[in-house]
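Worksheet: one structure, shown below.
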Amino acid sequence: MRLQLLPMEESDLDEYLDVAWLAFKDEFMGLMYPNGFTDAAREFVKRRTLDDWQKYPERMRAMKVIDTDVSDDRSHGKIVGAAIWKFYSEDRTEEELQAEEKASEKRGLPSDCNPALAEEFYGNLAKCKREIMGGKAYVLLNILATLPEYHRRGIGGMHMRWGLEQADRLGLPSYLEATPMGRPLYTKLGYEMVRDLEFDARKYGCDHDIPHVCMLRPAQAMDGRP
Ligand SMILES: CC(C)(COP(=O)(O)OP(=O)(O)OC[C@H]1O[C@@H](n2cnc3c(N)ncnc32)[C@H](O)[C@@H]1OP(=O)(O)O)[C@@H](O)C(=O)NCCC(=O)NCCS
């Protein structure tokens, strides 16, 4: 296994979506898409990702980790982990925030999702982000996913080190919403829990809780001390 961290290309999007679905499907995404990641759902998410990428090329950074040893006869491609970051490098005004919120509402909910769950979950996410970060400049970790058979080999850490190097170079704090699986990794890297997301997975038929939390890593001083 030889791992390499590279920027994602638009042509990687389908493979990226496979990785993200396989990483998340046994937990939250399985509830979100009760009939699986259908073609319509995939098309919606792909379009939304592409729109963001094209509209904000400076803001959105998509990264992949590839295993260069993967042979063509394997069930998956070379991408074994992916991350999507958003760099809000400048403060945004209230008007700018509202315009972005309106545009996001206009896109509606993903096709073939559980609409009540999506509305509650994404609504909560947006509300917390707004209340905690407001219009301040920061670096958002939007998605982090590793193929299950590649877990615990440092792939998540490779993405995180890259993103945090950028945040530190820019002198910005970093914010994310953590799943239970991601939380230990983020804690090791200096993120602190700032709020519970109050998402009740049992209400949607899950037999266990999936406690998501909002986490913030403060801007680091140039000498590495917070
Ligand atoms: C969170 C995730 C991205 C970590 O990726 P990774 O490539 O395994 O990350 P690393 O190997 O760098 O770090 C591993 C740490 O993550 C946690 N972790 C990773 N896989 C795990 C698993 N299957 N069960 C429990 N914890 C796990 C552990 O704390 C681990 O540290 P340790 O090995 O020292 O105990 C990966 O587990 C994943 O894709 N999970 C599903 C999707 C998800 O929850 N994403 C995070 C969204 S906020």
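Counting starts at 1 for both ligands and their atoms, in listed order. The residues of the chain are indexed from 1 along the displayed sequence.
Which parts of ligand 1 touch Ala145 is read off a 4.0 Å heavy-atom cut-off, strictly below it: atoms 39 (O). For ligand 1, the atoms sitting less than 4.0 Å from at least one non-hydrogen atom of Arg153 are 11 (O), numbered in the order shown with element in parentheses. Using a 4.0 Å cut-off to heavy atoms of Gly182, the atoms of ligand 1 that qualify are 1 (C). Near Ile155, with a cut-off below 4.0 Å to any heavy atom, the atoms of ligand 1 are 7 (O), 11 (O), 12 (O). Each of the following atoms of ligand 1 lies closer than 4.0 Å to a heavy atom of Pro184: 29 (O). Which parts of ligand 1 touch Phe24 is read off a 4.0 Å heavy-atom cut-off, strictly below it: atoms 42 (C), 43 (C), 44 (O), 45 (N), 47 (C). Of all atoms in ligand 1, numbered sequentially from 1 with element shown, those under 4.0 Å from a heavy atom of Tyr186 are 46 (C), 47 (C), 48 (S).
Side-chain N or O atoms of Asp209 include none that pairs as donor or acceptor with a backbone N or O of Pro211 at under 3.5 Å. Using a distance-only test at 3.5 Å, with no hydrogens or angles considered, a donor-acceptor pair links the side chain of Asn114 to the main chain of Ala116. Asp67 places a side-chain N or O within donor-acceptor distance of the main-chain N or O of Arg2, the cut-off being under 3.5 Å. No donor-acceptor pair under 3.5 Å is formed between the side chain of Asp91 and the backbone N or O of Lys136. Counting only distance, with no hydrogens or angles, the side chain of Asp12 and the backbone of Glu9 share a donor-acceptor pair below 3.5 Å. Not a single donor-acceptor pair under 3.5 Å links the side chain of Arg59 to the backbone N or O of Lys55. The backbone N or O of Ile66 sits nowhere less than 3.5 Å from a side-chain atom of Gln4 that would complete a donor-acceptor pair. The closest donor-acceptor contact from the side chain of Ser174 to the backbone of Val139 lies under 3.5 Å.
At least one N/O-N/O distance between Gly156 and ligand 1 falls below 3.5 Å. In terms of polar-atom proximity, Thr179 is counted as a contact of ligand 1, with an N or O under 3.5 Å from an N or O of the ligand.
Regarding atom 41 (C) of ligand 1, its nearest protein heavy-atom neighbour is Ala23 O, 3.3 Å. Nearest non-hydrogen protein atom to atom 12 (O) of ligand 1 is Gly157 N, 2.7 Å. For atom 14 (C) of ligand 1, the nearest protein heavy atom (residue, atom name, distance) is Arg152 CA, 4.2 Å. In this structure, atom 38 (C) of ligand 1 lies nearest to the protein heavy atom His151 NE2, 3.4 Å. Nearest protein heavy-atom neighbour of atom 11 (O) of ligand 1: Gly154 N, 2.8 Å. Closest protein heavy atom to atom 15 (C) of ligand 1: Leu185 CB, 4.2 Å. Looking only at heavy atoms of the protein, atom 17 (C) of ligand 1 is closest to Met181 O, 3.6 Å. Nearest to atom 2 (C) of ligand 1 among the protein's heavy atoms is Thr146 OG1, 4.4 Å.
The closest approach between any non-hydrogen atom of Phe28 and ligand 1 is not below 4.0 Å. Contact annotation: Glu177 has at least one heavy atom less than 4.0 Å from an atom of ligand 1. Heavy-atom distances between Leu144 and ligand 1 reach below 4.0 Å in at least one pair.
Summarising the local packing, CD of Glu90 is surrounded by 12 or fewer heavy atoms from other residues, nucleotides or ligands at distances under 6.0 Å. Annotation for Glu198: atom CD does not count as buried by contact number, only 12 or fewer foreign heavy atoms lying within 6.0 Å.
Of the heavy atoms in Glu27, none comes closer than 4.0 Å to ligand 1. Contacts between Lys188 and ligand 1, counted as non-hydrogen atom pairs separated by less than 4.0 Å, involve the side chain only. Here Ala178 has backbone heavy atoms under 4.0 Å from ligand 1, and that is the only part of it that gets that close.
The aromatic rings of Phe87 and Trp85 sit tilted, their planes meeting at an angle between 30° and 60°. Using a 30° and 60° split on the angle between ring planes, Phe28 and His212 fall in the perpendicular class, above 60°.
Side-chain atoms of Tyr204 and Glu120 include a donor-acceptor pair closer than 3.5 Å.
At a threshold of 4.5 Å between non-hydrogen side-chain atoms, the residues Ser111 and Thr38 do not count as touching.
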